[in-house]
Amino acid sequence: MYHDTIAAIATPPGEGGLAVIRISGPQGGRLATRIFKRGGKRSISEPAALKSHQLYYGVIVDPASDKRIDEVLLTRMQPPRTFTREEVVEISCHGGYLPVREVLALCLRYGARAAEPGEFTLRAFMNGRIDLSQAEAVAGVVAARTEQSLELAVEELRGRLSERLRPARDALVELMAYLDAAADFPDD
């Protein structure tokens, strides 16, 4: 559905032990191979060298200057087993303000564009990974302040609300098909 690659900081702003930068789109793996050196020693020439759903230790390096930005852990995930059903790369770097911004800036410089708020969830919805109630549940999980609200949001995220509404939806679709056919063929 989408033909571009997006990137954003996936963790809250501020100083912390680590931060995660998420990249999603068809060029995620290619971008990772440009800025990531495995074990801090060797560059990776092809995205396939980063096996799906495995964690790699290395450094982020600016290819233009060969400047080391940060030590990181990187995971590449191949579709369809990702949240967006697109190629996804997650970079876990140190959580200080500057390392996170510099790693994101490299991602944007070498092929990604800045993601809009909620765009990862939008892509998951548009690619059929989640339905609308599940997309709304993502916000509920993030905003949960009590155990009960978290439990309800997680159940929605698992599709419980959609399951309960499916019989009503199916009945409405059948009724709409009947009405449509009746309008097209009033004599029958």
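Residue numbers run from 1 in the order of the sequence given. Scope of the values below: all heavy atoms of this structure, side chains included, with no hydrogens, waters or symmetry mates.
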Enter the distance from Ile23:CD1 to Thr84:OG1 here, rounded to the nearest 0.5 Å.
-> 11.5 Å

Does Arg34 come within less than 4.0 Å of Asp62, counting only side-chain N to carboxylate O?
-> no

Glu156 and Ser133: side-chain donor and acceptor closer than 3.5 Å?
-> no

First locate atom CG of Leu73, then atom CD of Glu71, and finally report the distance between them rounded to the nearest 0.5 Å.
-> 9.5 Å

If you measure from CD1 on Ile9 to CD1 on Ile21, what distance do you get to the nearest 0.5 Å?
-> 6.0 Å

When every non-hydrogen atom of Arg85 is compared with those of Gly128, the smallest separation belongs to NH1-O, 3.0 Å

From CD1 (Ile91) to CZ (Arg76), nearest 0.5 Å | 13.0 Å

Nearest-0.5 Å distance that lies between atom CZ in Phe185 and atom CG in Asp180 = 9.0 Å

Co-membership, hydrophobic cluster, residues Ile6 and Leu108, 4.5 Å side-chain = no

So do Leu74 and Leu50 actually touch side chain to side chain, heavy atoms under 4.5 Å?
-> yes

Residues at least two apart in sequence or cross-chain that pass side-chain contact (heavy atoms from CB on, under 4.5 Å) with Glu90, listed by chain then number, are Val20, Arg22, Met77, Val88

Stepwise side chain to side chain contact (heavy atoms under 4.5 Å, CB included) test for Val59 and Asp70 = CA-CA 6 Å; Val59 294; Asp70 196 11; over 6 Å; no

Report yes if some heavy atom in the side chain of Arg30 is under 4.5 Å from a heavy atom in the side chain of Tyr110; otherwise report no.
-> no

Where the side chain of His53 meets the backbone of Arg81, is there a donor-acceptor pair that is under 3.5 Å apart?
-> yes

Return the minimal non-hydrogen interatomic distance between Phe36 and Val72, and the atom names on each side.
-> CE1-CG2, 3.7 Å

What are the two closest heavy atoms between Ala8 and Phe120, and how far apart are they?
-> CB-CE1, 3.8 Å

For Pro99 and His94 the tightest heavy-atom approach is CB-O, 3.9 Å

Got a donor-acceptor contact below 3.5 angstrom from the Glu87 side chain to the Gly29 backbone?
-> yes

Kindly determine whether Ile35 and Val61 satisfy side chain to side chain contact (heavy atoms under 4.5 Å, CB included), including the steps that lead there.
-> CA-CA 5 Å; Ile35 65 172; Val61 176; over 6 Å; no

With the 4.5 Å side-chain cut-off for hydrophobic clustering, are Leu157 and Leu132 part of the same group?
-> yes

Can you check side chain to side chain contact (heavy atoms under 4.5 Å, CB included) on Gln148 and Glu151, steps first, answer last?
-> CA-CA 5 Å; Gln148 291 83 8; Glu151 190 175 312; 5.6 Å; no

Treating Ile, Leu, Val, Met, Phe, Trp and Tyr as nodes and any side-chain heavy-atom pair under 4.5 angstrom as an edge, say whether Val154 and Phe83 lie in one connected cluster.
-> yes

Under-4.0 Å salt bridge between Glu119 and Arg113 | yes

Are Leu106 and Leu18 joined in one hydrophobic group, where the rule is that I, L, V, M, F, W and Y side chains link up if heavy atoms are under 4.5 Å apart?
-> no

Salt bridge between Glu116 and Arg123, side-chain N to carboxylate O under 4.0 Å?
-> no

Answer yes if Val138 and Leu152 sit in the same cluster of Ile, Leu, Val, Met, Phe, Trp and Tyr residues linked by side chain heavy atoms under 4.5 Å apart, and no otherwise.
-> no

Rounded to the nearest 0.5 angstrom, the OG1-CZ distance for Thr33 and Arg38 is 13.5 Å

Indicate the atoms forming the closest heavy-atom contact of Leu31 with Cys107, along with that distance.
-> CD1-O, 3.3 Å

Evaluate whether atom CD of Gln54 has more than 12 neighbouring non-hydrogen atoms of other residues, nucleotides or ligands under 6.0 angstrom away.
-> yes

Tightest non-hydrogen contact, residues Glu86 and Ser24, listed as OE1-OG, 2.6 Å

